[in-house]
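To keep things clear, I will list the structure first and then write my remarks on it.
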There are 2 protein chains.
Amino acid sequence: MTVSRVLNEPERVAPATAHKVRTAIQALGYVPNLLAGGLSSRRSRMIAAMVPTIASPIFSAPIQGFTDRLMQTGYHVMLSLTGYRPDAEAALLPAVLSRRPDALLLTGARRGPALRHMLAAAAIPVVEIWDSGPAFDILVGFDHEEVGREVATFLLAAGHRRFAALAASDPRAEARAGGFLRAVAAAGGQIIETRRLPAPSSMTEGRQALREIAPQLRGRTALFCSSDLIALGAITQARALGIPVPGELAVCGFGDFDAGRAAEPPITTVSVDGAAIGRLAAELLLARLAGATAGPGLRVPFRILPRGST
Amino acid sequence: MTVSRVLNEPERVAPATAHKVRTAIQALGYVPNLLAGGLSSRRSRMIAAMVPTIASPIFSAPIQGFTDRLMQTGYHVMLSLTGYRPDAEAALLPAVLSRRPDALLLTGARRGPALRHMLAAAAIPVVEIWDSGPAFDILVGFDHEEVGREVATFLLAAGHRRFAALAASDPRAEARAGGFLRAVAAAGGQIIETRRLPAPSSMTEGRQALREIAPQLRGRTALFCSSDLIALGAITQARALGIPVPGELAVCGFGDFDAGRAAEPPITTVSVDGAAIGRLAAELLLARLAGATAGPGLRVPFRILPRGST
DNA sequence: TTGTAGGCGTTATCAC
DNA sequence: GTGATAACGCCTACAA
């Protein structure tokens, strides 16, 4: 018990005793067992995070920020990847909860009653990131439909009247495309073509999709892609087909990836600070774990970065 | 005890009993506690992974492959980020080991005696990735000096005689640059300039570095950069200064990032299958945990992708 | 300030 | 095939 105190509340141990304990710890190479500690205290000091993938900067940035912040506090992050499979979260959650994480980070905020019920039963703080909507508990994100609407506004203001969209089959990508198409239609724009791509989608899928829709693209068109990689693929294929970018085809991506910044022309995109989302998510969970009755979380800003592709 | 059997070795329980147990599990919403299980069985079914960052595809790809593979087996991954700080690993390891991971993934294979001693005391399988050298236990990687030498060979064969290098201050980046410079010197090439950049380095640092060395670059020069992002920055700055790429300045990067592939000109680079490294690391650890007395691991191939920047 | 008792929820082991 | 018992190593609560 005294050893436990030296490790966890050293101020409540006499300096001489503490010193003797530390010496023994050194001599024996003692390493405390946090499994036992967690079992006893009912606090594992672990937080589980579930994201579709970390192969894309869209999700590696938040996880980076989240993990970075939590590591400063003695918490550890348990990582689960759901791979864009809609049922993966429900399938993985029981195994995750059996580790008794003190809190949970989830991607998106569109969960059905079954999942909400499991989360409620776990009775731990949950932060949902990278989305808006009816949060289960805490939310740190933004409205994907609004992103689409803002992109529409931006392109309409630039004089475009004919539009197309390519979106990965992921609820948030579809929300961006949906917001875009509705805003464009509401403003009287003409919708030439929309295509759903598999998730995750990359340059290859963007190229392929543009090849398929190219015959429709007669006259100046503005294309909104659900990620910069898709946009890059589309631009590459457009140029291969002799369609001038941005002259005949203006392209806007999403995510502000390095690849889009370095491309020629650089891609107009929507930028979100993913690392900040992760750090904020960590901060709000830590506050809640420290006893705060924090509010439902917050919106983070996004902004359109006009570049050479539009 | 019977419940435990139903969950872990159902074949040793009578079907009728198993069914009754499962019904009760459903009715009660019972979720097993793996902290307690781990404490008792001395197997946590968790594996800890330490990498410098997942903000770069260099490390997010292996972690993706590693986690993907392990999730199929009931193991979970505990992620730690060391941020390129040389002492971070030693500082974080005790906290990691106190969670009693069943195995460890570490980045690089250049550890001092203190760390090796801690690892030995933990007595668990350790896989070191993304490097070669005197492995502590299992190794899955490649030789960074050899990468540098191969790049030198490639550029020499292309007729280059004047060389420069930009490398992030990270032991593996420096090993690549070192191998490159030694091979170039051995072949009688002229070394114009070498620069160390902070780690992590990105386009900004590449631009800045090229601005500084530009005055030395009189005559056709081949530049090796320790990552594609640095190479992209260097190319951007070279063009801003009116230096033709690849005419006056040929540039080779490392990592085969999307950004380099999409750039204009596309960047000549060295490609390594990071996700495969992660999957292999997982596979070897699983084999070891299953009792195999596996060998010391293996080398994975890399290859130079000649593109427009050289 | 230090120490004792008991229990956290599993699994190893042995008995039936 | 099933169950009883005793750890696993720590922390809560209380006592000295």
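Letters A, B, ... mirror the listed sequences (proteins, then strands); counts begin at 1.
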In whole angstroms, how far is the [atom2] atom of [N] from the [atom1] atom of [X]?
{"X": "B:Leu39", "N": "C:dC8", "atom1": "CG", "atom2": "P", "answer": "14 Å"}
{"X": "A:Arg12", "N": "C:dG3", "atom1": "CZ", "atom2": "P", "answer": "15 Å"}
{"X": "A:Arg100", "N": "D:dC11", "atom1": "CZ", "atom2": "P", "answer": "18 Å"}
{"X": "B:Met1", "N": "C:dT10", "atom1": "CE", "atom2": "P", "answer": "11 Å"}
{"X": "A:Arg42", "N": "C:dC8", "atom1": "CZ", "atom2": "P", "answer": "7 Å"}
{"X": "A:Leu97", "N": "C:dG9", "atom1": "CG", "atom2": "P", "answer": "16 Å"}
{"X": "B:Arg99", "N": "D:dG9", "atom1": "CZ", "atom2": "P", "answer": "17 Å"}

*Side-chain donor-acceptor pair under 3.5 Å between A:Arg176 and A:His144, yes or no?*
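Note: A:Arg176 and A:His144 side chains meet the donor-acceptor criterion.
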
*Can you find a side-chain donor-acceptor pair between A:Thr107 and A:Glu128 that sits under 3.5 Å?*
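Note: A:Thr107 and A:Glu128 side chains miss the donor-acceptor criterion.
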
*asked:* Return whichever of A:Glu9 or B:Ala18 has its heavy-atom-nearest nucleotide of DNA chain D closer to the 5' end.
replied: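 Result of the comparison: B:Ala18.
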
*asked:* Checking the side chain of A:Ser80 only, and the main-chain atoms of A:Ala48 only, is there a donor and an acceptor separated by less than 3.5 Å?
replied: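 It does not hold such a pair.
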
*Sub-3.5 Å donor-acceptor pair from the side chain of A:Ser40 to the main-chain atoms of A:Gly37, do we have one?*
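Such a contact is absent between A:Ser40 side chain and A:Gly37 backbone.
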
*Would you kindly compare A:Ala16 and B:Val3 by the position of their nearest DNA chain C nucleotide and give the one closer to the 5′ end?*
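Of the two residues, A:Ala16 wins.
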
_Which residues in residues 20-37 of chain A have a heavy atom closer than 4.0 Å to any atom of DNA chain D?_
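Hits under 4.0 Å, by residue number: A:Tyr30, A:Pro32, A:Asn33, A:Ala36, A:Gly37.
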
_Can you see if the side chain of A:Ser4 gets near the phosphate of D:dC11 - specifically, an N or O under 4.0 Å from OP1 or OP2?_
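It does, given that an N or O in the side chain of A:Ser4 lies less than 4.0 Å from OP1 or OP2 of D:dC11.
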
_A:Arg279/A:Asp68 salt bridge by N-O under 4.0 Å criterion_ =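 Result for this pair is no, no salt bridge flagged.
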
*Looking at B:Arg85 and B:Asp87, does any basic side-chain N land under 4.0 Å from a carboxylate oxygen?*
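No, no charged N to carboxylate O under 4.0 Å.
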
Protein-nucleic acid N or O pairs under 3.5 Å, nucleotides 14-16 of chain C:
none

*Using the side chain to side chain donor-acceptor pair (under 3.5 Å) rule, collect all pairs that involve residues 92-105 of chain B, keeping only residues at least two apart or in two chains.*
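Checked against side chain to side chain donor-acceptor pair (under 3.5 Å) - neighbours excluded - the pairs reaching residues 92-105 of chain B are A:His76-B:Arg99, B:Ser44-B:Asp102.
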
*Could you work out which one of D:dT12, C:dC8, C:dT11 sits closest to the side chain of A:Ser40?*
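The answer is C:dC8.
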
*Does NZ or CZ of A:Arg116 lie under 6.0 Å from the centre of the six-membered ring of A:Phe136, at an angle within 45° of the ring axis?*
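No - A:Arg116 does not lie over the ring of A:Phe136 by the 6.0 Å and 45° rule.
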
_Mutual orientation of the aromatic rings belonging to B:Phe254 and B:Trp130 [parallel < 30°, tilted 30-60°, perpendicular > 60°]_ =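 B:Phe254 and B:Trp130: perpendicular rings.
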
